[in-house]
Amino acid sequence: MSSRPELQAPPEIFYNDSEARKYTSSSRIVEIQAKLSERAVELLALPNDGVPRLLLDIGCGSGLSGETLSEYGHQWIGLDISQSMLDVAVEREVEGDLLLSDMGQGLALRTGVIDGAISISAVQWLCNADKSCHNPRLRLKAFFGSLYRSLARGAKAVFQMYPESLAQRELILGFAMRAGFAGGVVVDYPHSSKSRKEYLVLTCGPPSVSTALPSAKGEDGESCSDDDDSSGDEEPMVSISDRHRPRKKLKVSKKGKDRQWLLKKKDQQRKKGNTVPPDTRVTMTDTTDDIAEEISFQSFEDDCRLLGSLLNDVLQREVGDQFIQTIERKRILAQSACNMRMAGIEDTAELLEKQLASEMSKMTLQEALTVARAFSHYLTIMGIAETHHRVRKARNAAHLSKSCDDIFNQLIQGGVSPEDLYNTVCKQEVEIVLTAHPTQINRRTLQFKHVRISQLLEYNDRPDLNHEDREMLIEDLAREITAIWQTDELRRQKPTPVDEARSGLHIVEQSLWKAVPHYLRRVSNALKKHTGRPLPLTCTPIKFGSWMGGDRDGNPNVTAKVTRDVSLLSRWMAIDFYIKEADSLRFELSMNRCNDKLSRLAHEILHKEKTSENWHESWNQPVHKSQLNQYSQEASALPTQLPDGLKLSSFPGSTSLASPSNSHSTLISTSGSFASGITQKKTMSESQIGQSNFQKLLEPSLPQFPGIAPYRIVLGNVKEKLMKTRRRLELLLEDHPCDHDSWDYYETPDQLLEPLLLCYESLQSCGSGVLADGRLADLIRRVATFGMVLMKLDLRQESGRHAETLDAITTYLDMGVYSEWDEDKKLEFLTRELKGKRPLVPHSIQVAPDVKEILDTFRVSAELGSDSLGAYVISMASNASDVLAVELLQKDARLAVSGELGRPCPGGTLRVVPLFETVKDLREAGSVIKKLLSIDWYREHIIKNHDGHQEVMVGYSDSGKDAGRFTAAWELYKAQEDVVAACNVFGIKVTLFHGRGGSIGRGGGPTYLAIQSQPPGSVMGTLRSTEQGEMVQAKFGLPQMAVRQLEIYTTAVLLATLRPPIPPREEKWRNLMEEISSISCENYRTTVYENPEFLAYFHEATPQAELGFLNIGSRPTRRKNSTGIGHLRAIPWVFAWTQTRFVLPAWLGVGAGLRGACDKGYTEDLRAMYREWPFFQSTMDLIEMVLGKADIPIAKHYDEVLVSENRRQLGKELQMELSRTEKYVLVVTGHEKPLENNRNLRRLIESRLPYLNPINMLQVEILRRLRCDDDNNELRDALLITINGIAAGMRNTG
């Protein structure tokens, strides 16, 4: 062993020029290298399917081993530490790509791109300390960790090695195991001192049948692997085979390695004469962040492998081994093609993609359906793991950026006084409005199972789990994945607006109910830390609104009755939640000590109950049926069930968020009518008659006066009134008369808060602040946030429908046709009527059904008032008269309802909010608001009824479809500036309402980035923003994610208020934006609206026509019966292009605009704008993000198979335009490739491609067949499943 090269000199010195020449001049060395390489390839066990793989040759030397890989038809990358060896390889013109690299420093390769690795006599070099800075353990850790990340799932690595001793072999094996590999050592000819060879065979991923060690070669052909006893006791078998290896608990220093520690270490290195990076915060932070990111990403990959392995097990049981091999072959083809493309080997990648497409086209319908389902579920579980990855990163971060603590500290350090910070936070008003836009593709039952898997992954992160716990965890995950596979992914009927509303309310139950108190505690604690004062108990910077059941724009299914029922349902659900919380509080607050005020109230309640005629019966006598009918589910003085938090769960890591007790959830869970749910609930109640004596055995006896528990008495009274409130709502939902005394139920949040705050003050005054700040404080904060309705409901209708209604009224009154009047005449008429005190619409008027529906809606809004409803949004608003028309119809309805009731309508008038959507309307927004506020009646109305606040909504979706993303972004920016300026002229405060979608093409993107790039002065402590479709679940589906999102909203608005974003530095920048926008808009509209072939190309190249079968929304995909782009809604427009991975709406026109500016010599100006102007930087970053997701080869495949030959040229031109757009965006940002500044996102996208690309190709084939057989329901189902899968892979839809 003393003659081994690694024991003589470092490799870069030993393998000098003369030694390098020996390796190619000696026929014996060449022969030995060839045999060792062939054996290594044999042990790789690559499938013999003719698919070339991208392999890594570690320690490739002069390329001898690489030649063997080429002979097998594979592509390869070789790396070596010796320049001399690589020079020889270059001279010999080997086929692989060569890298000069020290493997002990880690492999600088992308995640998951390598299909296999071999190494001949190299790995043992890492065990030597050839330099003073070398640490063998650290070098082995760096090498195996980076190799594990670079290998594809299930890929193998084979190392022929010469370990010096058993200890050295165990050292190498130990670090391979820690990196995550499975495998062991194969010893060929173990009894021969001359022919004996050792191969370390590793598999990337957990052990399974496929990772079993292959047989070794023996002198007589017998099996001689280390699994046998043939090697004797001298060489015991060493393998990695335990599926559930215990996780090593990381040691975390409480103090941490801070800046001072790093500076000290660097100074020590300088004194030793070593080269050290300069003392900049950036270099140190970047290095530590990179390490942390690698560790975090490895955990994500581990989760993906775990879930993928379990899904494979399910598929093996459900569809069999043979089909698993089919699925795996498709994945390997896609993975190899991706690897080749990333390595720049385009020709081979194209051949592999064609092979994949060819195999897809030969599949039977049943095979296609099963493959589609399998890949769709793979992408879904990867999405679940990705969401958990984000949660884990936030949880483990020592310093969480954009958190309240972080931003409050920045502001204080930046000169903001604690007083200003405190007042601004307390006055902040942010409202997140959840909408029913049809972009949530997953059924609710599947969403629930996905949440359950997320909870199990979180439980899996616990370091204290033993072997049995992990086995139970794996079994629970297997059950959930099995249930997902056996559940129909498709909605078989369209949801009703009420169904959509239930989904929105479900988010409150699923996460927001738990998240809101947690979020408010964070805000309060950070405020107290930085200002010395906590957040007031009833102050909440964020509230929630909803459009579900109120958005009737183009949706005839949303009627006045639907709006009324949804509003009452929301109230019912809020009261039901409060009943459970009150019951839990009564269980907790059992103490007797209280202040005088609470004591008096408790005695008053007891005295009132004692003197009532049924007091005795309610506590001591059986409940009669008549009493039960009169007072359904009367409250007892003490709780009859344990609090939710004390209930036993089926799994140690599971949580139950406000799970409905008894039959209270019937109203929510049933898919039938409200009345049927209540009937079922009443049947449950009546079945309990005669059981009261048994029930009394379960209830504590009523305490006597001398020793009363005052908090329980008061909270018992609260629960009783809540139950009467719930009963009243049930009667209203059934359209039954309701004669409850108004003192018997809660109408407003203030009425409910009064006794709760009294309990809180009493606990604080009696020294029980720790109790007051627990569950009671959480309930008070929930009431302050959710009120009595959980989410106030906005109404939305298109402006033309109001004009039609006024047409009917003015025609009936012989005043002419309203819509034919000019704007001045309309304003004069509307203002005159608004100043009057008589109703305009006579009771006897006969109108068309559409007009009657509008009048009924205003009547319902008058009956419910601002206590239940939020704003009335006018879509397609373009004039001041559009706003006054709604004000008049609202006033008239309130006068009529008030007259019938004999008292004022509940609550106040609704805020009327114009929505400016098209580019034309956005350009006129400022002048419309200025004209509106110049009307004395309207301005006084705003000051008197809406606290001097004017709300204006800007639409991102239709403006983007109208003019392209870049022009829309610039016009939105200017429109906000104009609206703010108009309001400032009249001293009116403005709240901007942002109608943002989920995708970039519809204004989506990171919340923080969006708010921080708004015009200065547009975010002054107030903001409203929509969250739509799949983004609701993505952002708020888990309590941890919801807390983080709420915090980001709070801090972003706070920063924009106290430190407004920077405006354009000079007028030249604005002029340049105008020029780019003009060119971009012209290019976009020329293609989309003026090219006569585009509409047909759009229908052929995308699955737009088939999206309607998804049943994901209650509204039609078009506003009017027209086939043109103009009347197509923005969601299917973006959705269709996202499916093909072309994502055209987000980038078309951008490249032309930037090219025009660069050609005129403005390149440096654009780069300065990107560096210094937040709005421009945000716009470019979002477009670059889209370019990172776009895929020209996939879009090209859609064209080649689905588009008519005479229109394919248009597709080629668009593909060239996408390439040009990428080129000029990178010129401006200074990046070499898209998402260079967001490596984490790029790696996440790349990890999905082996599953996403096959499902795209399968969708193309299914579309081809379906368009020849459009009545085939099975084909349609297969198509819809591919749509689900691609949506999961792209992580958004429309």
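One-based numbering along the sequence shown.
Classified by interplanar angle (parallel below 30°, tilted 30° to 60°, perpendicular above 60°), the ring pair Trp1133/Tyr1084 is perpendicular. Between Tyr973 and Phe1175, the ring planes lie tilted relative to each other; the angle falls in the 30° to 60° range. The aromatic rings of Tyr956 and His994 are tilted relative to each other, their planes meeting at an angle between 30° and 60°. Using the six-membered ring where Trp is involved, Phe375 and Tyr378 have ring planes that are tilted, between 30° and 60° apart.
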Go through the steps for Glu1200 and Arg1208 under the test salt bridge (Lys or Arg N to Asp or Glu O under 4.0 Å), then give the verdict. CA-CA 7 Å; Glu1200 290 173 346; Arg1208 288 180 192 166; over 6 Å; no

Evaluate the salt bridge (Lys or Arg N to Asp or Glu O under 4.0 Å) criterion for residues Glu1075 and Arg1070: first the C-alpha distance (whole Å), next the side-chain angles of each, then the deciding distance (0.1 Å), finally the verdict. CA-CA 9 Å; Glu1075 187 169 341; Arg1070 299 184 71 92; over 6 Å; no

What's the verdict on salt bridge (Lys or Arg N to Asp or Glu O under 4.0 Å) for Arg1248 and Glu386, showing C-alpha distance, side-chain angles and the deciding distance? CA-CA 11 Å; Arg1248 304 172 204 153; Glu386 184 177 326; 2.9 Å; yes

After noting the C-alpha distance and the side-chain angles of Tyr1097 and Leu1095, does the key distance pass the side chain to side chain contact (heavy atoms under 4.5 Å, CB included) rule? CA-CA 5 Å; Tyr1097 170 77; Leu1095 183 60; over 6 Å; no

Run Gln797 and Asp551 through side chain to side chain contact (heavy atoms under 4.5 Å, CB included) and show every step you take. CA-CA 7 Å; Gln797 184 56 279; Asp551 181 9; over 6 Å; no

Working for side chain to side chain contact (heavy atoms under 4.5 Å, CB included), residues Leu915 and Arg796: CA-CA 10 Å; Leu915 166 54; Arg796 182 169 79 132; 3.6 Å; yes

Could you check Phe1176 against Trp970 for ring pair (Phe, Tyr, Trp, His ring centres under 6.0 Å), going step by step and ending with a plain yes or no? CA-CA 9 Å; Phe1176 188 73; Trp970 179 231; 9.5 Å; no

Determine, stepwise, if the pair Glu359 / Leu333 fulfils side chain to side chain contact (heavy atoms under 4.5 Å, CB included). CA-CA 10 Å; Glu359 292 187 12; Leu333 278 169; 3.7 Å; yes

Stepwise side chain to side chain donor-acceptor pair (under 3.5 Å) test for Asn1083 and Ser1080: CA-CA 5 Å; Asn1083 178 271; Ser1080 175; over 6 Å; no

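In this structure, the side chain of Gln335 does not engage the main chain of Pro1250 through any donor-acceptor pair within 3.5 Å. Thr348 places no side-chain N or O within 3.5 Å of a backbone atom of Ile345 that could act as its donor or acceptor partner.
For Ala1146 against Ile1183, the heavy-atom pair with the smallest separation is O-CG1, 4.1 Å. Closest non-hydrogen pair, Leu1241 versus Met1185, comes out as CD2-CG, 3.7 Å. Leu922 and Ser959 get closest at one heavy-atom pair: CD1-CB, 3.8 Å.
The local environment of CD in Glu1205 is sparse, with at most 12 non-hydrogen atoms from other residues, nucleotides or ligands closer than 6.0 Å. Glu1236 CD: more than 12 foreign heavy atoms inside a 6.0 Å radius.
Judged purely by distance below 3.5 Å, without hydrogens or angles, the side chains of Asp553 and Ser875 pair a donor atom with an acceptor atom. Looking only at atom types and distance, the side chain of Asn1272 has no donor-acceptor partner in the side chain of Arg1265 under 3.5 Å away. Donor-acceptor pairing under 3.5 Å is lacking for the side chains of Asn1206 and Glu1093. No side-chain N or O of Thr1138 forms a donor-acceptor pair with one of Lys1189 less than 3.5 Å apart. Between the side chains of Asp1181 and Ser1178, no donor-acceptor pair of N or O atoms lies under 3.5 Å. Residues Thr496 and Asp499 have side chains that bring a donor and an acceptor to within less than 3.5 angstrom of each other. A donor and an acceptor atom, one from each side chain of Gln1028 and Trp547, are nowhere located under 3.5 Å apart. Side-chain contact of His1197 with Glu353: a donor-acceptor pair under 3.5 Å is absent, judged by distance alone. Counted by atom type alone, Thr1102 and Gln1139 present zero donor-acceptor pairs between their side chains at under 3.5 Å. There is a side-chain donor-acceptor pair under 3.5 Å between Tyr1198 and Gln1259.
Put simply, the side chain of Leu1244 reaches to within 4.5 Å of the side chain of Asn1240, judged on heavy atoms.
Under 4.0 Å is where a charged nitrogen must lie from a carboxylate oxygen, and between Glu1074 and Lys974 at least one such pair does. Ion pairing between a basic and an acidic side chain is recognised when a charged N comes within 4.0 Å of a carboxylate O; Arg1276 and Glu1106 show no such pairing. Remark: Asp962 engages Arg1085 in a salt bridge, criterion side-chain N to carboxylate O under 4.0 Å. Contact check on Glu350 versus Lys354 returns a salt bridge, with a Lys/Arg side-chain nitrogen under 4.0 Å from an Asp/Glu carboxylate oxygen. One finds a salt bridge joining Glu489 and Arg373 here, because a Lys/Arg side-chain nitrogen approaches an Asp/Glu carboxylate oxygen to under 4.0 Å.
A cation-pi arrangement is absent between Arg1167 and Tyr1170 under the rule of less than 6.0 angstrom and at most 45 degrees off the ring axis.
No option in Leu351, Leu352, Leu356 other than Leu352 meets the side-chain contact (heavy atoms from CB on, under 4.5 Å) test with Val51.
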